[in-house]
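Bear in mind that the values here come from a model prediction, so they are computed numbers and not experimental data. Computed from heavy atoms alone, side chains included, the values below leave out hydrogens, waters and symmetry copies.
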Amino acid sequence: MRPNILIIGAGPVGLAAALELARYGFEPTIIDKRTQLTGVSRAVIVHSDVIRKLEPSGAGAGIFKDAINIPNVDIFRDGKHAARFRISNLKDDNYRVLGIAQDCFEMHQITSLEKYGIEVRRGVECKAITQDDEKVTVQIDQESETYDYVIAADGVNSFVRQSIGIKFPGRNMPDMWSVADVNLGNVSDPDHAKIYILPDGHVATAVPMGIDRYRITTNKEDAVKFLPPEINVVKVNSQGAFKIAIRQAEKYSLGRIFLAGDSAHCHSPVDGRGLNLGVGDAVELAKRFDNNTLDGYHDDRHEEGKYVIKMTELIRAATTCKRYRMRLITLITLRATHYLGFVNRFSSRLATQNSIRDSAIAKRLI
């Protein structure tokens, strides 16, 4: 008999876990305190190899259809074009980068999940959680429910992680960041992602996620204001401000409870790795439930998370540094990347690498 599994959190990570478990023949329960899909496109960049992980469960085809292919990433420094990462030149199709709004990504997951007869229980919240050697007891609103296992995909401020006492070492960054979902006009190379390295340690990114629709992120409070003046802001669909933290859970599991996604790790949004790393957690964990190798989950995914955090921190430090010498080194590196084909291919591959097991160089970074 298959164990009874509760998934707390119905974002892309929790939904991916539910989909994969359902594909393997489990009947998971998934809950979320939100009453509807998110209106702010926090996650937008997804890599092709990650979408392929969702193809067996039925969600991948729809995501591929609606996502925007991003062939290149253009980097501007102090208003001037500094480099172009030519992702389209990589021969391996697994290194493709695509843009899609988070609500659209989740809708494809939900549609596929419903085909397995599973619906998200919305508007309910985990209020307390305890476990013993045989079960996990969860208070959902006013009701007490019992499960064999729990997967916590409840975000960076995870109630579950805090309740069971898993430490989350790292640091909170002082800067206020902001995000905006906008429609833009007069954008050159509209299917390219863009990174704007601005003076005084500021950075902004613009990632396409639909026709004329972009997600803007910056380490200042008003993302829209940091767009170049020649770009026309047609419509602001939504916007918000947030602070980032650089943290990783000491353990990805404790007893019968497992962490996945932001509940296990968080980092800078500059490189757009969050969704990819979290979905990877969910897919790996579901596979381990199926083949009964749960003991290896922490070692496998903690190592991946450690690599991604180091990579995103290198990029954040390079793009937000205020010191002249570091900014000069960044400029020289960008120009070398732009003009030297082998450096461009190496950098593009490393930036889109999702598994350190496939990269000897990535392993050395951790």
Side-chain angles (χ1 to χ4, degrees), residues 12-13 16 41-55 59-76 81-106 108 179 181 184 187-197 203-217 267-280 283 304 307-309 311-312 314-316 318-319 334 337-338 341 343-356 358-359 361-362:
V13 176
S41 296
R42 292 168 294 178
V44 63
I45 293 179
V46 60
H47 296 167
S48 55
D49 62 328
V50 172
I51 301 177
R52 286 198 176 88
K53 292 178 180 179
L54 299 178
E55 285 185 318
I63 294 172
F64 267 127
K65 181 179 178 181
D66 286 349
I68 300 294
N69 185 57
I70 301 174
N72 299 303
V73 178
D74 287 324
I75 301 179
F76 298 83
H81 189 268
R84 172 171 290 173
F85 286 82
R86 301 177 183 86
I87 300 171
S88 56
N89 284 356
L90 299 177
K91 296 181 179 180
D92 190 338
D93 195 48
N94 283 322
Y95 291 106
R96 284 174 59 203
V97 174
L98 301 99
I100 186 170
Q102 182 173 327
D103 54 355
C104 184
F105 189 94
E106 291 180 6
H108 284 295
V179 61
D181 178 337
L184 302 177
V187 180
S188 61
D189 299 314
D191 58 343
H192 293 194
K194 296 172 176 60
I195 299 176
Y196 300 96
I197 302 175
V203 62
T205 64
V207 180
M209 54 182 179
I211 298 176
D212 298 328
R213 186 182 178 190
Y214 295 79
R215 200 275 306 266
I216 311 299
T217 306
H267 50 79
S268 163
V270 170
D271 193 30
R273 293 293 188 106
L275 182 147
N276 298 279
L277 181 61
V279 170
V283 171
E304 296 280 350
Y307 160 65
V308 169
I309 289 171
M311 281 295 299
T312 55
L314 284 172
I315 295 171
R316 186 193 64 81
T319 55
L334 290 174
T337 300
H338 183 75
V343 177
N344 199 296
R345 289 190 297 272
F346 168 79
S347 301
S348 298
R349 188 177 293 110
L350 195 61
T352 56
Q353 178 71 56
N354 280 311
S355 176
I356 63 170
D358 299 333
S359 173
I361 296 173

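Qualifying side-chain hydrogen bond (donor to acceptor under 3.5 Å, both in side chains) partners for Asp191, counting only residues two or more places apart in sequence or in other chains: none. By the side-chain hydrogen bond (donor to acceptor under 3.5 Å, both in side chains) test, His108 is found to be paired with Asp66, residues two or more places apart in sequence or in another chain being considered.
Taking every heavy atom of both residues into account, Val283 and Lys53 meet most closely at CG2-CB, 4.1 Å. The shortest heavy-atom contact between Arg213 and Ala101 is NH1-CB, 3.7 Å. For the residue pair Ile70 and Pro208, the shortest heavy atom distance occurs at CG1-CG, 4.0 Å. For the pair Tyr196 and Ala206, the tightest heavy-atom approach, listed with the atom from each and the gap, is CE1-CB, 4.4 Å. Shortest non-hydrogen contact noted between Ala16 and Val279 is CB-CG1, 4.1 Å. Here the shortest heavy-atom pairing between Gln102 and Pro12 reads NE2-CD, 3.7 Å.
A 4.5 Å side-chain heavy-atom check between Asn276 and Val46 finds at least one atom pair inside the cut-off. The side-chain heavy atoms of Arg96 and Phe64, taken from C-beta on, include a pair separated by under 4.5 Å. When side chains are defined from C-beta on, Arg215 does not count as touching Asp181, because their heavy atoms never get closer than 4.5 Å. Side-chain contact between Ile51 and Leu98 is present, with heavy atoms from C-beta onward closer than 4.5 Å. Two residues are said to be in side-chain contact when any heavy atoms from C-beta on lie closer than 4.5 Å; His47 and Arg273 meet this criterion. When side chains are defined from C-beta on, Val203 counts as touching Ile195, because their heavy atoms get closer than 4.5 Å.
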* Asked: Could you go step by step and tell me if Asn72 and Asp189 meet the side-chain contact (heavy atoms from CB on, under 4.5 Å) rule?
  -> CA-CA 9 Å; Asn72 299 303; Asp189 299 314; over 6 Å; no
* Mind running side-chain contact (heavy atoms from CB on, under 4.5 Å) on Ile197 and Ile75 for me, showing each step along the way? => CA-CA 7 Å; Ile197 302 175; Ile75 301 179; 3.9 Å; yes
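The only option from Ile216, Val187, Val73 that meets the side chain to side chain contact (heavy atoms under 4.5 Å, CB included) definition with Lys194 turns out to be Val187.
In this structure, CD1 in Ile100 is found 9.5 Å from CG in Leu275, a value given to the nearest 0.5 Å.
Taking the six-membered ring where tryptophan is involved, the planes of Phe76 and His81 are perpendicular, since the angle between them exceeds 60° and thus also 30°.
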